[in-house]
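Worth saying up front: this structure is predicted, and the values here are computed from it rather than measured. Counting begins at 1 with the first residue of the sequence. The basis for the numbers below is simple: all heavy atoms, side chains too, and nothing from hydrogens, waters or symmetry mates.
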Amino acid sequence: MFREDFAWGVATSAYQIEGTDPDDGRGKCIWDTFSEEGHTRGDNASVACDHMHRYKEDFALMKELGIRAYRFSVNWCRILPNGTGEINPKGIAMYRDMIMEMRANGIEPFLTMYHWDLPQALEDKGGWLNPEIVDAFGEYAKVIAENFSDIVENFFTINEPQCIVGLGYVTGVHAPGRKLPLEDTFKISINVMKAHGTAVKKLREFARRPIKIGYAPTCTVAIPASESPEDIEAAREKYFRMSDKGNNWAWNVAWFSDPVLLGEFPAQGLELFKDYIPEITKEDIELIHQPIDFVGQNIYNGYYIKAGSNGKYEDVPMYPGFPQTGVNWPVMSECLYWGIRFAYERYHLPIYITENGMACHDCISVDGKVHDPNRQDFLDRYISAVERACDEGMDVRGYFLWSFTDNFEWEQGFHGRFGIVYVDFRTGKRIPKDSAYWYKTVIESNGGTLASTREQATGCSLNRFE
Ligand code: GCO
């Protein structure tokens with residue numbers, strides 16, 4: 001069962017949907033530069049879903065679909081075109097009107113401050129490697145609190161620090177596309193978390209009423225190959241360990257969540273990377289570890305772990321022909337149950353699933369509709385996995401489906417359709433997919449129309465045959 005006030009929502013991000021307008025006063029961000037440099041498959045977000053001109057239509061459609069909560073982000077350089085200093089009044093006005101329009105349609109706004117659109121002016125000064133970014137983010141948080149806390153109660157500071165650091169500055173797959181020395185990327189990770197803590201303090205200090213603040217990390221989930229105590233413990237251990245395999249140390253849970261939520265860096269990671277980690281002072285940790293009200297979890301998939309013969313954990317290979325999404329991510333709904341369970345056991349905070357969803361190769365059928373049975377099945381199983389966590393007493397407050405509309409999928413351009421609403425990017429036309437109407441029934445019944453059995457939703461798909 002889901003709690004009566006469960007936040008049935010959808011999630012988007014500013015840069016992926018808004019588009020631009022020559023008179024909007026928005027500054028340049030690192031993703032504009034990244035597209036200009038040719039790193040987004042020939043696409044760019046200059047129009048995207050044209051949400052900045054169509055948001056009244058979009059929120060009316062959300063209302064029609066019964067959506068009750070909306071996790072959106074504010075584009076930093078729409079508010080502060082240069083990252084600090086001069087405020088763009090058109091940006092303030094646009095987001096206030098958007099938020100009032102959400103509320104007019106019965107939609108509870110959840111505002112994410114930072115979903116990757118760093119002002120280029122700040123990147124030009126070193127971006128997240130420059131320690132001054134911490135105070136810049138605090139200045140931004142003050143503007144957010146002063147201008148939106150009267151009409152927004154729920155805030156997230158930072159979306160997916162693992163991607164900001166790992167994809168932006170380790171592998172360079174995301175903007176700003178830099179591949180920095182390991183020690184610099186650890187400095188960046190600490191700046192990102194100090195920025196989070198500074199923002200929490202500024203949001204609370206300048207809010208015009210009591211507000212709630214969260215944080216939205218991600219990761220792939222270590223899933224036990226069976227529900228034996230040994231396999232569960234092996235998966236839990238792996239899930240919170242840092243690994244030196246591969247070229248992206250940042251893709252882990254503990255380094256970005258333990259300091260923020262527990263006030264300590266993971267000892268195993270400190271030891272493993274001790275040659276690269278800068279001095280971390282007591283004051284740094286105190287700043288990072290500001291009390292917050294809930295934690296978001298962006299979870300899509302995972303990998304399998306079992307207890308090994310020598311008491312250590314062992315990887316379990318995927319089975320041949322395992323199901324995949326339209327961007328070749330594996331489908332394994334049990335990851336959402338285990339991701340919630342392991343996080344809740346460790347951090348003891350209310351949880352929102354701040355992102356979960358599926359890309360499909362959606363197209364308009366001869367009947368003019370967009371049929372997406374795979375997404376509907378995916379969502380039924382994944383949301384049912386959340387319900388198991390709720391039934392077992394974990395405090396799950398809401399589910400934000402990624403995403404409302406198809407949108408700009410970062411380095412993949414428009415090649416990943418994640419929406420429950422189809423967008424024809426040539427015209428901006430919206431077509432609710434079958435899954436949108438299915439989600440409406442799930443919301444109206446508070447989960448009552450979910451069809452998956454407990455086994456179908458959270459049985460280990462290695463051993464599951466339906
Ligand atoms: C992420 C980002 C989203 C993505 C979505 C699909 O989790 O990568 O928060 O902006 O678009 O997850 O990749």
Side-chain angles (χ1 to χ4, degrees), residues 12-37 39-40 43-53 55 71-99 111-130 132-148 152 155-161 163-165 167-169 174-178 188 191-192 195-196 198-199 202-203 206 216 407-408 410-411:
T12 68
S13 87
Y15 193 77
Q16 294 177 268
I17 65 170
E18 287 178 355
T20 58
D21 183 304
D23 302 325
D24 63 14
R26 169 164 99 67
K28 187 169 188 178
C29 80
I30 55 176
W31 277 93
D32 299 321
T33 306
F34 206 56
S35 287
E36 287 168 4
E37 293 169 348
H39 303 303
T40 56
D43 294 325
N44 65 61
S46 57
V47 175
C49 305
D50 195 28
H51 180 70
M52 73 175 289
H53 298 117
Y55 60 84
R71 178 184 173 236
F72 70 106
S73 77
V74 168
N75 188 326
W76 186 346
C77 56
R78 204 182 277 286
I79 300 293
L80 291 155
N82 298 307
T84 58
E86 184 191 355
I87 294 172
N88 173 25
K90 290 182 179 178
I92 301 289
M94 184 189 95
Y95 285 118
R96 282 195 66 85
D97 194 52
M98 273 186 182
I99 295 162
L111 187 157
T112 299
M113 279 184 56
Y114 187 71
H115 202 124
W116 305 355
D117 33 30
L118 184 72
Q120 185 62 47
L122 294 178
E123 180 57 25
D124 293 343
K125 297 176 189 171
W128 286 102
L129 182 58
N130 181 344
E132 292 173 3
I133 194 87
V134 173
D135 288 340
F137 198 65
E139 181 180 339
Y140 173 41
K142 177 173 180 289
V143 174
I144 292 288
E146 289 172 336
N147 288 279
F148 304 116
V152 175
F155 295 81
F156 290 97
T157 55
I158 286 180
N159 180 74
E160 300 196 359
C163 292
I164 296 168
V165 179
L167 301 183
Y169 295 93
H174 277 191
R178 297 167 68 182
I188 287 171
N191 288 343
V192 169
H196 157 80
T198 302
K202 294 291 186 185
L203 286 170
F206 293 98
N407 57 53
F408 181 75
W410 307 114
E411 82 283 359

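Between H51 and Y55, the angle of the ring planes lies from 30° to 60°, which puts this pair in the tilted group. Classification of the F137-W76 ring pair by plane angle, with boundaries at 30° and 60°, yields perpendicular. Between H174 and W410, the angle of the ring planes lies from 30° to 60°, which puts this pair in the tilted group.
The backbone N or O of C77 lies less than 3.5 Å from no partner atom in the side chain of D117, so there is not a single donor-acceptor pair. The closest donor-acceptor contact from the side chain of D97 to the backbone of M94 lies at 3.5 Å or more, if one exists at all. A donor-acceptor pair under 3.5 Å links the side-chain atoms of Y15 to the main chain of D32, judged by distance alone. In terms of modelled atom types and a separation under 3.5 Å, the side chain of N191 and the main chain of W128 share a donor-acceptor contact. Judged by distance alone, with hydrogens and angles left aside, the side-chain atoms of N88 form a donor-acceptor pair with the main-chain N or O of R78 at under 3.5 Å.
Here the closest non-hydrogen pair linking Y95 and S73 is CE2-O, 4.0 Å. Shown here for L122 and G83, the closest heavy-atom pair between the two residues is CD1-CA, 3.7 Å. In plain terms, the two heavy atoms of Y140 and M113 that are nearest each other are OH-O, 2.7 Å. Between D43 and S35 the shortest heavy-atom distance is O-OG, 3.7 Å. Across P161 and A216, no two heavy atoms sit closer than the pair CD-O, 4.1 Å. Smallest separation of non-hydrogen atoms from I79 and P81: O-CD, 3.6 Å.
Note: I133 CD1 to T198 OG1 = 11.0 Å, rounded to the nearest 0.5 Å. The line from OG1 of T112 to CG of N159 is 6.0 Å long, rounded to the nearest 0.5 Å. Distance check, rounded to the nearest 0.5 Å: NZ of K142 to CG of N147 gives 9.5 Å. Atom OG of S13 sits about 4.0 Å away from atom NE2 of H115, to the nearest 0.5 Å. The structure places SG of C29 at 8.0 Å from CG of L118, a figure rounded to the nearest 0.5 Å. Atom CG in D24 sits 7.5 Å away from atom NE2 in H53 (nearest 0.5 Å).
A salt bridge is absent between R26 and E18; no separation between the charged side-chain nitrogens and carboxylate oxygens falls under 4.0 Å.
F148 has its side chain within reach of I92: a pair of non-hydrogen atoms, C-beta onward, lies under 4.5 Å apart. Between L111 and F72 the shortest side-chain heavy-atom distance falls below 4.5 Å. Side-chain contact check for V192 versus Y169: every heavy-atom pair is 4.5 Å or farther apart.
Side chain to side chain, T33 and Q120 meet the donor-acceptor criterion of an N or O pair below 3.5 Å.
Atom CD of E36 sits in a crowded spot, with more than 12 heavy atoms from other residues, nucleotides or ligands closer than 6.0 Å.
If you look at F34 and W116, their ring centroids are not closer than 6.0 Å.
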Do K202 and I144 pass the side chain to side chain contact (heavy atoms under 4.5 Å, CB included) test, and can you show the C-alpha distance, the side-chain angles, and the key distance before you say yes or no? CA-CA 9 Å; K202 294 291 186 185; I144 292 288; over 6 Å; no

